[in-house]
Protein chains: 2
Amino acid sequence: MSDVAREAGVSLATVSRAINEPEKLSAEKLALVRAAVERLGYVPNLNAGSLASAGGKSRIVAAIVPTVANVVFSETVDALAQTLARGGYQLLLGQTSYRSGDEEGLVEAFLGRRVDGLVLTGTTQSASLRAKLKRAGIPVVQTWDLMDKPIDMLVGFSNFEVGRAAAEHLIARGHRGLGFIGAQEERSRQRLEGFRAGAAAHGVADVQAELILPPVDIADAGPRFAQMASRCPELNAVFCNNDMLAAGVVFECHQRGWAVPQRMAVLGLGDLPIARAAFPRLSTVEVRRGQIGTRAGQMLLSRLSGERSGADIVDLGFEVVTRAST
Amino acid sequence: MSDVAREAGVSLATVSRAINEPEKLSAEKLALVRAAVERLGYVPNLNAGSLASAGGKSRIVAAIVPTVANVVFSETVDALAQTLARGGYQLLLGQTSYRSGDEEGLVEAFLGRRVDGLVLTGTTQSASLRAKLKRAGIPVVQTWDLMDKPIDMLVGFSNFEVGRAAAEHLIARGHRGLGFIGAQEERSRQRLEGFRAGAAAHGVADVQAELILPPVDIADAGPRFAQMASRCPELNAVFCNNDMLAAGVVFECHQRGWAVPQRMAVLGLGDLPIARAAFPRLSTVEVRRGQIGTRAGQMLLSRLSGERSGADIVDLGFEVVTRAST
DNA sequence: TTGAAAGCGCTAACAG
DNA sequence: CTGTTAGCGCTTTCAA
């Protein structure tokens with residue numbers, strides 16, 4: 001910056017003003033500085049700027065997800081990044097690869113960078129992490145599930161209820177040989193519990209379940225489904241924990257010549273594009289994964305702009321959309 | 001930090017050392033400082049640190065992709081983030097939403113943050129952007145395509161050759177009524193050119209093409225395919241620019257009762273998990289999207305650690321994998 | 001081994 | 001409208 005000042009023959013403060021509050025400068029000096037900036041290819045150091053300016057805001061928000069390689073999270077991240085970008089914030093990405101122990105280290109690193117806000121996936125942070133976050137005093141939003149006492153803010157839906165609704169949907173359509181294909185992971189387990197509860201409430205005590213160790217490979221869907229089917233001949237409906245898995249099961253049914261939904265009903269989760277591209281069209285539980293990112297971003301933004309906004313807990317809900325596969 | 005110093009009864013320098021070079025402190029003082037840090041919940045400000053320390057490295061690398069919501073890029077980003085994390089770097093994410101004009105603004109912002117490195121998607125940056133990047137003097141790696149004179153480093157494969165190979169594969173297997181479904185986007189266009197060239201080389205002059213405006217919705221695959229098929233009754237093989245699209249086409253064929261590949265051959269791109277989950281199993285052009293991220297990360301890391309490493313251009317190639325759908 | 005002091009690149013009063 | 005002077009929170013000589 002001092003190079004620019006010298007080149008333009010003005011003081012440091014003037015250069016700073018030319019960049020941050022150009023309206024407070026004479027046209028003459030402004031032009032001088034701009035020319036010098038141009039000539040030197042000067043790019044202001046934002047870090048130094050935020051260090052010096054009051055509050056030291058970094059204009060960076062960090063997000064932690066299991067992996068962005070999973071569509072469900074990548075769409076949340078996409079929406080979040082877009083929302084933040086509109087507010088002038090940038091996104092620092094952290095991935096745990098489903099190792100929940102990694103979360104604390106990531107948070108620590110982000111806090112060290114003085115991120116202005118944080119979005120977390122899930123609601124099962126350790127007590128020490130919760131405490132650390134509260135002490136940090138920055139807005140935090142947990143996502144993808146619900147709970148009573150969030151660290152700060154929360155946007156998600158009830159995975160347990162999703163499971164229950166899935167069971168009820170399947171039973172209402174006359175299927176009682178129920179199966180569940182999911183992941184060995186928090187939210188999937190919650191859905192399985194809900195699924196079992198929903199089934200039990202209608203007198204279906206036995207539910208087949210296959211939990212895949214993340215990262216879930218869609219190609220596992222077929223084999224896992226095959227296992228369940230041979231273990232339990234009366235199986236006639238499966239709830240897959242994402243539409244990709246469901247598509248895999250549908251393909252497996254095609255291969256076996258099993259009619260969907262007559263011989264086997266298949267219910268997905270997410271309402272991914274493939275649900276509408278599959279044949280038959282997939283019935284699915286729609287969850288607003290994009291909305292999660294958008295809302296999380298908005299909540300952060302309004303908090304960061306000083307608004308003491310309204311709801312700190314938003315339940316986005318979900319919807320069972322019935323198409324042709326159930 | 002001064003709070004910690006006071007609390008521990010030592011100087012600022014000692015606190016700094018306790019954090020960055022604990023081996024150079026007496027066990028006594030070290031314990032003192034650590035206790036104070038613990039008691040106060042102190043988190044060192046990394047920004048201030050990098051400002052003060054020579055070189056001012058931020059330990060942040062930025063990546064710009066069209067969108068992380070597209071599997072192909074999300075896997076690259078996933079791999080990149082993981083690789084960088086292992087080297088102690090974090091990832092700042094920028095999305096253009098396919099608006100290539102947004103790229104320059106993002107770069108500007110990242111440069112302002114003094115990121116230590118940058119990874120770009122594609123090779124079609126404007127001259128002014130190229131110049132800016134070169135002047136910035138940080139390692140830059142372009143990805144997802146090939147070119148002769150990259151800004152700095154490059155890791156990708158030839159999209160043109162992918163297209164050509166796809167055409168040759170299809171023709172070799174006896175299909176001559178060729179179609180192409182892709183996106184209105186740089187790399188997809190390159191593949192179409194290659195596809196046409198490959199077809200022409202074997203005397204197939206007429207190639208049907210459908211280019212979808214991004215973001216590509218998989219549910220468009222069926223309708224687009226239907227259009228092509230009705231426009232050109234002799235169509236008997238389509239090359240889809242990603243496996244999702246290909247799965248969509250396969251579903252459409254199921255629906256029409258068209259046997260794949262007998263009535264219609266379907267070739268995908270990417271070798272996504274769904275290619276092995278589909279029925280019939282999808283033939284596809286495998287491109288190493290994870291590798292792109294990993295290699296880009298490694299190249300950056302080795303450059304950042306001072307190694308004057310070897311190849312600055314790496315061609316990852318691709319492979320046509322023949323399964324059951326062609 | 002530890003501390004004092006001088007910055008890193010920039011912003012923010014405060015004068016002028 | 002513009003320049004001077006302190007810092008922001010930390011690291012790093014240089015002495016002690």
Side-chain angles (χ1 to χ4, degrees), chain A residues 1-37 40-60 108-116 136-138, chain B residues 1-37 40-60 108-116 136-138:
Chain A
M1 183 159 134
S2 54
D3 292 344
V4 176
R6 192 180 323 114
E7 177 83 10
V10 298
S11 73
L12 289 174
T14 301
V15 176
S16 175
R17 288 188 190 106
I19 292 161
N20 304 308
E21 14 183 35
E23 71 283 0
K24 297 196 168 177
L25 276 192
S26 66
E28 184 198 11
K29 298 264 176 188
L30 218 196
L32 233 46
V33 175
R34 288 207 166 141
V37 166
L40 270 44
Y42 167 69
V43 180
N45 184 329
L46 267 40
N47 290 330
S50 75
L51 221 206
S53 75
K57 310 277 70 179
S58 62
R59 296 237 128 199
I60 290 184
E108 195 102 31
F110 291 148
L111 253 26
R113 297 212 181 278
R114 296 297 186 269
V115 297
D116 293 341
I138 59 173
Chain B
M1 183 160 134
S2 54
D3 292 343
V4 175
R6 191 179 324 113
E7 176 84 10
V10 298
S11 73
L12 288 174
T14 302
V15 176
S16 174
R17 289 188 189 107
I19 291 161
N20 304 307
E21 13 181 39
E23 71 284 359
K24 296 196 170 177
L25 276 193
S26 65
E28 184 198 10
K29 299 262 176 191
L30 218 195
L32 234 45
V33 175
R34 289 204 166 144
V37 166
L40 271 44
Y42 168 68
V43 180
N45 184 329
L46 267 42
N47 290 330
S50 75
L51 221 208
S53 74
K57 310 276 71 181
S58 64
R59 298 235 128 203
I60 290 184
E108 196 102 30
F110 291 148
L111 253 27
R113 297 211 181 279
R114 296 296 186 268
V115 297
D116 294 341
I138 60 172

Could you give the [atom1]-to-[atom2] distance, from [X] to [N], as a whole number of Å?
X       : N      : atom1 : atom2 : result
B:Asn20 : C:dT1  : CG    : C1'   : 17 Å
B:Lys24 : C:dT1  : NZ    : P     : 10 Å
B:Leu46 : D:dC8  : CG    : C1'   : 15 Å
A:Leu32 : D:dG3  : CG    : P     : 10 Å
B:Glu28 : C:dT1  : CD    : P     : 13 Å
A:Lys57 : C:dT11 : NZ    : P     : 17 Å
A:Glu21 : C:dA13 : CD    : C1'   : 12 Å
B:Ile19 : D:dG9  : CD1   : P     : 14 Å

In Å, rounded to the nearest 0.5 Å, how long is the span from [atom1] of [X] to [atom2] of [Y]?
X       : Y       : atom1 : atom2 : answer
A:Leu40 : A:Glu7  : CG    : CD    : 5.0 Å
A:Leu30 : A:Glu23 : CG    : CD    : 9.0 Å
B:Leu46 : A:Ser58 : CG    : OG    : 11.5 Å

Side-chain heavy atoms of [X] within contact of [Y], under 4.5 Å:
X        : Y        : value
A:Leu51  : A:Asn47  : no
A:Leu25  : A:Pro22  : no
A:Ile60  : A:Arg113 : no
A:Ile138 : A:Arg114 : no
B:Arg6   : B:Asp3   : yes
A:Met1   : A:Ser16  : yes

side-chain N/O B:Ser2 vs D:dG9 OP1/OP2, d < 4.0 Å: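 No, no such contact exists.
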Between the protein and nucleotides 6-9 of chain C, which nitrogen or oxygen pairs come in under 3.5 angstrom?
from: C:dC8; atom 1: O2; to: B:Leu51; atom 2: O; distance (Å): 3.3
from: C:dC8; atom 1: O2; to: B:Ala52; atom 2: N; distance (Å): 3.0
from: C:dG9; atom 1: N2; to: A:Ala48; atom 2: O; distance (Å): 3.3

Contact list for DNA chain C against residues 6-17 of chain A - heavy-atom distance below 4.0 Å: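 DNA chain C contact set from residues 6-17 of chain A: A:Ala13, A:Ser16, A:Arg17.
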